[in-house]
K.L.:
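This is the structure I have questions about; it appears just below.
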Amino acid sequence: MLDIKQIRENSEFVRDRLDRRGGDYDLSPILELDKQQRELQTTRSQLQARSNEIGKAIGQKMRRGGNPKTEEIKNLKEEGNQVKAQLAELEPQEKELIVKINELLLQLPNLPADTSPLGQNETENVEIRRWGDEYLRGGEEEKILPHWEIGEKLGILDFKRAVKIAQSRFVNLIGKGAALERALINFMLDKQTEAGYVEVMPPVLINTQSLTGTGQLPKFAEESFHCVEDDLWLTPTAEVPLTNLYRDEVIDAAELPIYHCAYTPCFRREAGSYGKDTRGLIRLHQFNKVEMVKLVSPDTSMEELEAMLKNATAILEALKLPYRIIELCTGDLGFSAAKCYDIEVWLPSAGKYREISSCSNCWDFQGRRANIRFKEKGKKGTNYVHTLNGSGLAIGRTMSAILENYQQADGTVKIPEVLQSYLQFTVIEK
RNA sequence: GGAGAGGUGGCCGAGUGGUUGAAGGCGCAGCACUGGAAAUGCUGUUUAGCUGUAAGGUUAACGAGGGUUCGAAUCCCUCCCUCUCCGCCA
């Protein structure tokens, strides 16, 4: 969340940055409530101070063996009661204000970085670079079957029976399909571990506080599956458990940067995307993903983002899958992100690049929400860490890219070289 | 799920109504001692809000939230978590 102090002291700046996202963000209710709250707080602490004085005075007299029935003590008690009555009126008012301010703050998205390109929506995202043109198969494209067709033909993807077991937007991976998925998970975890990320297997049922910490709640409740009886949610991405590993902690500055990666299944309700990507592996309610998360000092977070982007693209390069990098414009940035790159992989059947990873720098936005701070030895006070997250990569989408880019004229699919040591076969055939 | 025990500062640990933000110890930092170090001694050592140019002032926090009281770490209520034993179980 944003810093109330920054909103108070630099409201013009904050307003301008929020405007870059488009949409309507009104700071005046927050500013007004904040003013009221601080006024109340001043009065309240003065009363509290008086109350403490009274308590101490009585305590001293009693200790010296004073009689509680003397006029003096009676009078003090009487005043104490009056102060208490006043406090009883102010306290709930102030609490209510604090709750309201907090609710409003939690609704505000992060401020875009000044380097994020200006734009209204995804059409104004900026392509940074492309890789792997030599692996594009110009001219053959119309012969390449979409991944769901080749997958069903080869008997490795089963959507029909998944509907029977669960619903639409689920899949069964069968035989070599399941093995390939597993190989991809292992391959990516191995690569990211080599790159310095410490692997974690976190819970995938997570609590409300964790989802609030990373910004999925309160605004996007309809996007996650909720187990109402236990008030737990199915994680939509390992970003949530990984970032929340350190919630409410003060980390020694010497331990930064902290790198973690995790494989988890991810669950998304995909509310509002009816009719979009209804076929194939692109948009499922449950999918696998290897995620990277970094907690870093504010001084280095921008370089750390570039490095994370490389960790993600390294996977695609090893797999020889053509991709491009897009920088999201201010209007397309996710709620918690200040700066974000999407990596898109080439899907021949669609003749398009499709998102396969998203790498974001959230600045101190999640650090503040999740209360993750760091402390430098010898320095007073604490600071919020900067958090970054990126897919490294989405497994299902990688699978679809392989099924298409590695499809051969005879209807079989070759296994990319780097995966062959993870599998007992080098080609998927009927 | 049943029975019991417990949650205090970076850590250990005292503290059952009165100058207790909290004894003592460990750790850490500074100083002294030393050729240098160890040992020893002294001093200091939480975080957050508001206020102030600053020094400072003030409030809050002993798992969380309520209550009793002039005054709560200490008494009462609710919830959460941890541990032990039993049951169940991958």
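By convention in this document, chain letters (A, B, ...) are assigned in the order of the sequence lines, proteins followed by strands, and residues within each chain are numbered from 1.
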K.L.:
Does the structure show a Watson-Crick or G-U wobble partner for rC31(B), both distances under 3.5 Å? Name it, or say none.
P.N.:
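Answer to the pairing question: rG41(B), which forms a Watson-Crick or G-U pair with rC31(B).
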K.L.:
Using a 4.0 Å cut-off on protein heavy atoms (strictly under), produce a 5'-to-3' string for nucleotides 61-68 of chain B with B for base contact, S for backbone-only sugar-phosphate contact, and - for none.
P.N.:
-----S--
K.L.:
Return yes if some donor-acceptor pair links the side-chain N/O of Ser357(A) with the main-chain N/O of Ser391(A) below 3.5 Å, else return no.
P.N.:
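Yes, because the side chain of Ser357(A) sits within donor-acceptor range (under 3.5 Å) of the backbone of Ser391(A).
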K.L.:
Applying side-chain hydrogen bond (donor to acceptor under 3.5 Å, both in side chains) between Gln36(A) and each of Glu32(A), Glu39(A), Arg38(A), report the one that passes.
P.N.:
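That would be Glu32(A).
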K.L.:
Quick check: on RNA chain B, is the nucleotide nearest Lys375(A) upstream (toward 5') of the one nearest Lys56(A), or the reverse? Name the residue that is more 5'.
P.N.:
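Its nearest nucleotide lies further toward 5', so the answer is Lys56(A).
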K.L.:
Is the NZ or CZ atom of Lys294(A) both under 6.0 Å from the centre of the six-membered ring of Tyr259(A) and within 45° of that ring's axis?
P.N.:
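Yes, Lys294(A) and Tyr259(A) form such a contact.
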K.L.:
Using the P atom in both, what is the distance from rA60(B) to rU19(B), to the nearest Å?
P.N.:
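One P to the other, the span is 15 Å.
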K.L.:
Please classify the nucleic acid contact of Arg8(A) as base, sugar-phosphate, or nothing, using heavy-atom distances under 4.0 Å.
P.N.:
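Sugar-phosphate, backbone atoms only, no base.
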K.L.:
Checking Gln86(A) against Gln82(A): is there a side-chain donor and acceptor pair closer than 3.5 Å?
P.N.:
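Side-chain D/A pair, Gln82(A) to Gln86(A): absent.
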K.L.:
If you assign each of Glu53(A) and Gln37(A) to its closest nucleotide in RNA chain B, which residue comes earlier from the 5' end?
P.N.:
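This one resolves to Gln37(A).
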K.L.:
Just checking Gln48(A): base, sugar-phosphate only, or nothing, at a heavy-atom cut-off of under 4.0 Å?
P.N.:
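Contact class for Gln48(A): sugar-phosphate only.
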K.L.:
Could you walk me through whether Tyr197(A) and Asn311(A) pass the side-chain hydrogen bond (donor to acceptor under 3.5 Å, both in side chains) test, one step at a time?
P.N.:
CA-CA 10 Å; Tyr197(A) 295 84; Asn311(A) 299 141; 2.6 Å; yes
K.L.:
If we call it a pair only when both distances are under 3.5 Å in a Watson-Crick or G-U wobble match, what pairs with rC26(B)?
P.N.:
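Paired with rG10(B).
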K.L.:
For the side chain of Arg38(A), counting heavy atoms from C-beta on, which of rU47(B), rU59(B), rU51(B) is nearest?
P.N.:
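For Arg38(A), the side-chain atoms sit closest to rU51(B).
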K.L.:
Considering only rC50(B), rU58(B), rC70(B), which nucleotide approaches the side chain of Thr42(A) most closely?
P.N.:
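The answer is rC50(B), which lies nearest to the side chain.
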K.L.:
Could you measure between the two C1' atoms, the one in rU69(B) and the one in rC76(B), and give it in whole Å?
P.N.:
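Taking atom C1' in both rU69(B) and rC76(B), they lie 12 Å apart.
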K.L.:
With a 3.5 angstrom cut-off on both distances, give the Watson-Crick or G-U wobble partner of rA64(B), or none if there isn't one.
P.N.:
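Its partner is rU78(B).
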K.L.:
Checking all strands, does Leu76(A) fall into the base, sugar-phosphate, or nothing category for heavy-atom contacts under 4.0 angstrom?
P.N.:
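If one applies the 4.0 Å heavy-atom cut-off, Leu76(A) turns out to touch nothing in the nucleic acid.
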